[in-house]
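See structure below.
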Amino acid sequence: MDASNKMVRYGLKKAFGYIERDPEENLPKLMDWVDRYAPEGDKGFPMQRAAFRRVIEDPGCAMHKLMYRVFTETDKDVLKAMFENFILNGNLVGWPRQEELRERYNCNIPWAILLDPTSACNLHCTGCWAAEYGNKLNLTFDEIDSIITQGKELGVYIYIYTGGEPLVRKDDLIALCRKHNDCQFLCFTNGTLLDESFADSMLSVRNFIPAISVEGFESATDGRRGPGTYGKVVEAMSLLKRKKLPFGISCCYTSQNFESISSGEYFDQMVEWGASFVWYFHYMPIGNDAAPELLPTPKQRELMYHRIRQARREKPIFAMDFQNDGEFVGGCIAGGRRYFHINANGDCDPCVFIHYSNANIRDMGLLDVLRSPLFMAYHDGQPFNGNHLMPCPMLENPDKLRGMVEKTGARSTDLQSPESVEHLCDKCQEYAQSWASAAQRLWQGPCREKAAGHRPAV
């Protein structure tokens, strides 16, 4: 770490200490210090910092209420680790390093890496893409350790576990958190394995945040994930709230459940559970046995677009829509542009939803993965559509994915039932055409929120 980074870390950590005494009074002072130490120009996240300051200075704003809820309801040591690992390392320190290497190697360098510690899962959820991999694959502790070590050399300090069910590997995940205590770890989990012992381990390491999968209320969740799942998940969230541990929720919206999981009642319920954020994921027709009828209709997707934006204005929980928020990150973020995915077999997919690859982490280093044929096709082709409400090369621009896979000779990484790119893209063709007119109207509309920059917000 160079001297300037050490000074940034010292100054901001000192400023962060003020917040413990009086968050309402001292948060503006923290922003003064962030502004003071942030890199000059675009590398210093000026738009994002300005947005945070507006939130801090507006007590009536829903995000203001969320910010102070997080600062008053989160364990102080966990909060400090989040600040240092996510804000400092993951953004103010990590981002300039990523930018330097993007320019040097003329390839994508990610902001975050998603990886599957295991393909095993204790549930069998309807329509789960992870189930396509089978349940006997694992990345070893040493392999995950190597991925993180290499990632930090590239300026990557954000690691997100998917699966399978990552908590099948509880002990290894905690050991990795402890070894790489300068990184922020997130985890998509069904929540049923979250118990008191693991919560205490989370308090001990301080840098692990779960996003718990919930499909809505009890009938919808148990209908997809199995009887009794909802009750276990609610119990897990109650435990985390009691321990003052931050967590979020992950929701997959389909043609069948979009109404309930986008309702004001459901947002209020998530806030009551204690969640700080919610990820909304559009159903993807992945796999030979996928059900295209679960794809939301254009009308349903447009309603999701408006309801999530309304929730950001009115509810003290941060809602993100993986498909409809392309306008805030400049379109598709996959292929290493902002993230990529490593499955439990070591295959490096450009996206958690697109299972084709030329690269395996067991055969090459991270930088070589990012310069492999399919990843470079992503780099050279992004954005795949000038309308960032149609960001995906599969769902909204299927000819783009078909062309990239054919050109690079990428193979399916689905070891159970390999799906041809033609079969996958054919399922998306009608959907892409039907969504195009709504996407164009929203993109050109006077009420459309304008993007704050082509990067994740700090």
For a ring-ring contact (aromatic ring centres under 6.0 Å, His included) with F322, tell me which candidate from Y283, F328, F188, F353 qualifies. F353

If you count the non-hydrogen atoms of other residues, nucleotides and ligands that lie under 6.0 Å from CD in E265, is the total more than 12? no

Contacts of type ring-ring contact (aromatic ring centres under 6.0 Å, His included), residue F318, not counting sequence neighbours: none

Results of side chain to side chain contact (heavy atoms under 4.5 Å, CB included) for S412 - residues two or more places apart only: Y356, D414, P418

If we ignore angles and hydrogens, is there a donor and acceptor under 3.5 Å between the side chains of N345 and D347? yes

With sequence neighbours left out, write down each residue that passes side chain to side chain contact (heavy atoms under 4.5 Å, CB included) with D172, or none if nothing qualifies. F141, R169

Any chance the rings of F384 and Y378 have centres within less than 6.0 Å? yes

Report yes if the distance between the aromatic ring centroids of H282 and Y253 is under 6.0 Å, otherwise no. yes

Closer than 3.5 angstrom, by distance alone: can the side chain of E143 be matched with the main-chain N or O of T140 as a donor-acceptor pair? yes

Might you work through the salt bridge (Lys or Arg N to Asp or Glu O under 4.0 Å) test for D325 and R312, ending with a clear yes or no? CA-CA 12 Å; D325 281 344; R312 289 175 189 155; 2.3 Å; yes

Between the side chain of K400 and the main-chain N/O of G381, is any donor-acceptor distance below 3.5 Å? no

Only one of T118, N138, L173 clears side chain to side chain contact (heavy atoms under 4.5 Å, CB included) with V168; which? T118

Within the side chain of N358, is there an N or O that forms a donor-acceptor pair under 3.5 Å with the backbone of T408? yes

Contacts of F340 that satisfy ring-ring contact (aromatic ring centres under 6.0 Å, His included) - sequence neighbours left out: F375

More than 12 heavy atoms from other groups under 6.0 Å of CD on E406: yes

Between D349 and H355 (side chain of the first, backbone of the second, donor and acceptor by atom type, cut-off under 3.5 Å), is there such a pair? no

Checking side-chain polar atoms at under 3.5 Å, does D116 have a donor or acceptor matched by the opposite partner on H341? yes

Across all chains, not counting sequence neighbours, the salt bridge (charged side-chain N to carboxylate O under 4.0 Å, His left out) partners of K65 are none

Nearest-0.5 Å distance that lies between atom CD1 in I249 and atom CD1 in I261: 11.0 Å

Give, for atom SG of C252 and atom CE of M284, the distance between the pair rounded to the nearest 0.5 Å. 9.0 Å

Of P210, P117, C187, the one forming a side chain to side chain contact (heavy atoms under 4.5 Å, CB included) with L167 is C187

Partner residues of Q184 under the side-chain hydrogen bond (donor to acceptor under 3.5 Å, both in side chains) criterion, sequence neighbours left out: none

Taking only residues two or more places apart in sequence or in another chain, which ones pass side-chain hydrogen bond (donor to acceptor under 3.5 Å, both in side chains) with T254? N257

Q323 and E396: side chain donor to acceptor below 3.5 Å: yes

Can you label the angle between the F71 ring and the Y68 ring as parallel, tilted or perpendicular, going by 30° and 60°? tilted

Not counting sequence neighbours, which residues clear side chain to side chain contact (heavy atoms under 4.5 Å, CB included) with V70? List them please. L66, T74, L79, S276

Is K152 atom NZ crowded by more than 12 heavy atoms from other residues, nucleotides or ligands, each under 6.0 Å away? yes

Closest non-hydrogen atoms of Q98 and L154, given as atom of the first, atom of the second and distance, are CG-O, 3.5 Å

Within a 6.0 Å radius of atom CG on D171, are there more than 12 heavy atoms belonging to other residues, nucleotides or ligands? no

Nearest 0.5 Å, what's the CD1-OG distance between I174 and S201? 5.0 Å

Can you check whether F208 and F198 have ring centres sitting under 6.0 Å from each other? yes

Among residues at least two apart in sequence or on other chains, which ones pass side chain to side chain contact (heavy atoms under 4.5 Å, CB included) with S146? Q150

Residue set satisfying side-chain hydrogen bond (donor to acceptor under 3.5 Å, both in side chains) with E419, at least two apart, ordered chain then number -> H423, K427

Enclosure of E235 CD (heavy-atom neighbours >12, cutoff 6.0 Å): no

Just how far is it from atom CZ of F86 to atom CG of L88, taken to the nearest 0.5 Å? 11.5 Å

Ion pair E84/K80, N-O distance below 4.0 Å: no

Below 30° counts as parallel, above 60° as perpendicular, anything between as tilted: where do the rings of Y161 and F185 land? parallel

In plain terms, say whether D426 and R402 are close enough for a salt bridge, that is, a side-chain N and a carboxylate O under 4.0 Å apart. yes

Do N91 and W111 have a side chain donor and acceptor closer than 3.5 Å? yes

For residues 236-248, please give each side-chain donor-acceptor pair under 3.5 Å, one per line with the distance, not counting sequence neighbours.
unit_1 : atom_1 : unit_2 : atom_2 : d
K241   : NZ     : E272   : O      : 2.9
K243   : NZ     : E196   : OE2    : 3.0
K243   : NZ     : D200   : OD1    : 2.6

Looking only at side-chain N and O atoms, does N288 offer a donor or acceptor that is under 3.5 Å from a partner on S417? yes

With distance as the sole test, does N207 use its side chain to make a donor-acceptor pair with the main-chain N or O of M82 at under 3.5 Å? no

Atom CD of E73 with >12 non-hydrogen neighbours under 6.0 angstrom: yes

Under a 4.0 Å threshold between the charged nitrogen and the carboxylate oxygen, would R97 count as salt-bridged to E100? yes

N387 side chain vs A439 backbone, donor-acceptor pair below 3.5 Å: yes

Rounded to the nearest 0.5 Å, what's the gap from OH on Y157 to CG on D182? Could you check? 6.0 Å

Between N190 and S213: side-chain donor-acceptor atoms closer than 3.5 Å: no

Without swapping roles, check the side chain of R69 against the backbone of P316 for a donor-acceptor pair under 3.5 Å. yes

State, without any angle test, whether S255 and Q300 hold a side-chain donor-acceptor pair at a distance under 3.5 Å. no

Under a 3.5 Å cutoff, is there a donor and acceptor pairing between the side chains of N108 and R102? no

Look at the aromatic rings of Y280 and F267 and report parallel, tilted or perpendicular, splitting at 30° and 60°. tilted

Nearest-0.5 Å distance, CG of residue L370 to SG of residue C107: 5.5 Å

What residues form a side-chain hydrogen bond (donor to acceptor under 3.5 Å, both in side chains) with S262, not counting sequence neighbours? R307

With distance as the sole test, does N397 use its side chain to make a donor-acceptor pair with the main-chain N or O of C392 at under 3.5 Å? yes

Judged by atom type as modelled, is there a donor-acceptor pair below 3.5 Å linking the side chain of R338 to the main-chain atoms of A334? no

